[in-house]
Amino acid sequence: MPTSSASTTDSARSSGGVQSLERAFDLLERMADAGGEVGLSELSASSGLPLPTIHRLMRTLVACGYVRQQPNRRYALGPRLIRLGESASRLLGTWARPYLARLVEETGETANMALLDGDEIVYVAQVPSKHSMRMFTEVGRRVLPHSTGVGKALLADFPADEVRALLSRTGMPAATERTITTPDGFLAALEDVRRTGYAVDDNEQEIGVRCLAVPVPDSPTPAAISISGPAGRVTEAATERIVPVLQQIAGELAEALASQNQS
């Protein structure tokens, strides 16, 4: 039976709508990769889309509040994305909690999950140790990457020029006398992470506290898990035992997140 003109038109609209949606999300991702603010010509060059198409999509995103136009005519990610990001972060933390609970059971130390949000580290989940002396980091707390194990784990695979740019924006204030406060020192620490497969915060965020962290591979957004505890318990000998557990659970969490994305 011939397809009616009405159904053909509906199909074309549906196909065009899906393509526009895909393109809009791609532009948002490209804006995020560029630091959150870009010009139309930059988006056209990176995406391969013609300027009129990008302009039309950006007008729609501006009208919805997901993008805003700056006085200099460039476009920036809009405030409405914050609510979506916060909700997604909470959900990611909820999915991670059973894995963090296992981490506590197997290591005895407080387990954390953190994301890279802009230039900052934000903690999205924690399961505390059962020890009377234990570490506590409030979920939602934001810290700078250079003084944390999770920050090193999250930035280890970033290009050196991007890491230097981030550090120039945040500065490198010393939380303790052990904090790394130079870009070269931090890049050397990232090289250690790539070589060993894990990151260490050795009294750098707080004296008396050591943290071991690993990235969650192929996470939909840069994520890391860690354990933290008193330096007297998280010793070099304990590190050899804990790191393989961290890596195994990070891999299992990555698989779970991948299956969530496919469902």
Side-chain angles (χ1 to χ4, degrees), residues 26-47 67-68 70 72 74-78 81-82 85 89 112-124 137 140-207 209-226 228 243 246-247 250:
D26 179 63
L27 293 179
L28 290 173
E29 292 279 358
R30 291 177 187 278
M31 291 179 71
D33 290 342
E37 180 180 319
V38 295
L40 291 183
S41 58
E42 296 168 58
L43 283 176
S44 180
S46 65
S47 68
V67 170
R68 56 191 170 87
Q70 307 282 65
N72 62 3
R74 290 166 66 82
Y75 289 86
L77 296 176
L81 289 170
I82 296 173
S89 295
N112 313 279
M113 183 178 190
L115 307 180
L116 182 63
D117 183 19
D119 290 344
E120 297 178 315
I121 302 299
V122 58
Y123 289 92
V124 297
T137 298
R141 181 188 178 199
R142 291 174 175 271
V143 296
L144 297 181
H146 72 282
S147 60
T148 64
V150 286
K152 294 172 188 173
L154 285 166
L155 292 176
D157 289 330
F158 276 52
D161 58 343
E162 291 186 21
V163 174
R164 288 184 183 277
L166 182 152
L167 296 174
S168 71
R169 292 191 297 267
T170 63
M172 300 184 72
T176 75
E177 66 267 23
R178 300 288 296 273
T179 306
I180 299 171
T181 56
T182 66
D184 286 343
F186 189 69
L187 288 170
L190 298 188
E191 178 60 36
D192 287 339
V193 177
R194 290 190 292 272
R195 178 176 53 82
T196 63
Y198 68 95
V200 182
D201 158 13
D202 189 1
N203 296 270
E204 296 162 47
Q205 179 70 26
E206 184 177 346
I207 291 295
V209 177
R210 291 188 87 232
C211 171
L212 307 173
V214 299
V216 178
D218 302 317
S219 174
T221 188
I225 60 173
S226 69
S228 53
V243 167
L246 265 171
Q247 292 171 331

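Keep in mind the model is a prediction, meaning the values are calculated, not measured.
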Query raised in the report: Of the non-hydrogen atoms in A213 and L246, which two are nearest, and what is the gap between them?
Result: N-CD1, 4.2 Å
Query raised in the report: If you measure from the Lys or Arg side-chain nitrogens to the Asp or Glu carboxylate oxygens, is any gap between R194 and D157 under 4.0 Å?
Result: no
Query raised in the report: So, the side chain of E42 versus the backbone of G39: is there a donor-acceptor pair under 3.5 Å, distance only?
Result: yes
Query raised in the report: Within the distance-only criterion (no hydrogens, no angle test), does the side chain of S168 pair as donor or acceptor with the backbone N or O of A165 below 3.5 angstrom?
Result: yes
Query raised in the report: Under a 4.5 Å cut-off applied to non-hydrogen side-chain atoms, are F186 and L166 in contact?
Result: no
Query raised in the report: Rounded to the nearest 0.5 Å, how far apart are CZ of R210 and CG of N203?
Result: 7.5 Å
Query raised in the report: Any salt bridge between R164 and D161, counting N to O under 4.0 Å?
Result: no
Query raised in the report: Do L27 and Y75 have side chains that get closer than 4.5 Å, going by heavy atoms?
Result: no
Report task. Could you check if a side-chain atom of R30 sits within less than 4.5 angstrom of a side-chain atom of S47, using non-hydrogen atoms only? Result -> yes
**Report entry** Check ion pair R142-D117 (N to O, under 4.0 angstrom)
**Finding:** yes
Query raised in the report: Taking C-beta and beyond as the side chain, do L115 and I121 meet within less than 4.5 Å on heavy atoms?
Result: no
Requested in this report: Please determine, by modelled atom types, if S226 and N112 share a side-chain donor-acceptor pair under 3.5 angstrom.
Outcome: yes
Query raised in the report: What pair of heavy atoms forms the shortest contact from V193 to A199, and how long is it?
Result: CG2-CB, 3.7 Å
Query - Flag side-chain contact, heavy atom, 4.5 Å: P173 against L144 - result: yes
Report task. Please report the C-alpha distance between Y123 and T148 in whole Å, then the side-chain angles of each, then the deciding distance to 0.1 Å, and finally whether the side-chain contact (heavy atoms from CB on, under 4.5 Å) criterion is met. Result -> CA-CA 11 Å; Y123 289 92; T148 64; 4.2 Å; yes
Query raised in the report: Got N72 and E37 here, is their nearest side-chain heavy-atom distance under 4.5 Å?
Result: yes
Query raised in the report: For the residue pair A250 and P215, what are the closest heavy atoms and their distance?
Result: CB-O, 3.7 Å
Report summary line: Exactly one of I180, V209, T181 clears side-chain contact (heavy atoms from CB on, under 4.5 Å) with E204, and that residue is I180
Query raised in the report: Sub-3.5 Å donor-acceptor pair from the side chain of S219 to the main-chain atoms of P222, do we have one?
Result: no
Requested in this report: Determine yes or no for a side-chain-to-main-chain donor-acceptor pair under 3.5 angstrom, with K152 supplying the side chain and P145 the backbone.
Outcome: no
Query raised in the report: For the side chain of T179 and the backbone of T176, is there at least one donor-acceptor N/O pair under 3.5 Å apart?
Result: yes
Report summary line: Interatomic distance, CG@L155 vs CG@L167, rounded to 0.5 Å, equals 7.5 Å
Query raised in the report: Can you find a pair of side-chain heavy atoms, one from V143 and one from E120, that are under 4.5 Å apart?
Result: no
Requested in this report: Verify side-chain contact (heavy atoms from CB on, under 4.5 Å) between I225 and Q247, making sure each step is shown before the conclusion.
Outcome: CA-CA 9 Å; I225 60 173; Q247 292 171 331; over 6 Å; no
Requested in this report: Verify salt bridge (Lys or Arg N to Asp or Glu O under 4.0 Å) between D202 and R178, making sure each step is shown before the conclusion.
Outcome: CA-CA 7 Å; D202 189 1; R178 300 288 296 273; 3.2 Å; yes
Report task. Please confirm whether the backbone N or O of A174 pairs with a side-chain atom of H146, one donor and one acceptor, at under 3.5 Å? Result -> no
Report task. Kindly determine whether M31 and V67 satisfy side-chain contact (heavy atoms from CB on, under 4.5 Å), including the steps that lead there. Result -> CA-CA 10 Å; M31 291 179 71; V67 170; 4.0 Å; yes
Report summary line: Interatomic distance, CZ@F158 vs CG@L187, rounded to 0.5 Å, equals 13.0 Å
Query raised in the report: Measuring from R74:CZ to L43:CG, what's the distance to the nearest 0.5 Å?
Result: 9.0 Å
Query - side-chain contact (heavy atoms from CB on, under 4.5 Å) between L116 and T221, worked out - result: CA-CA 8 Å; L116 182 63; T221 188; over 6 Å; no
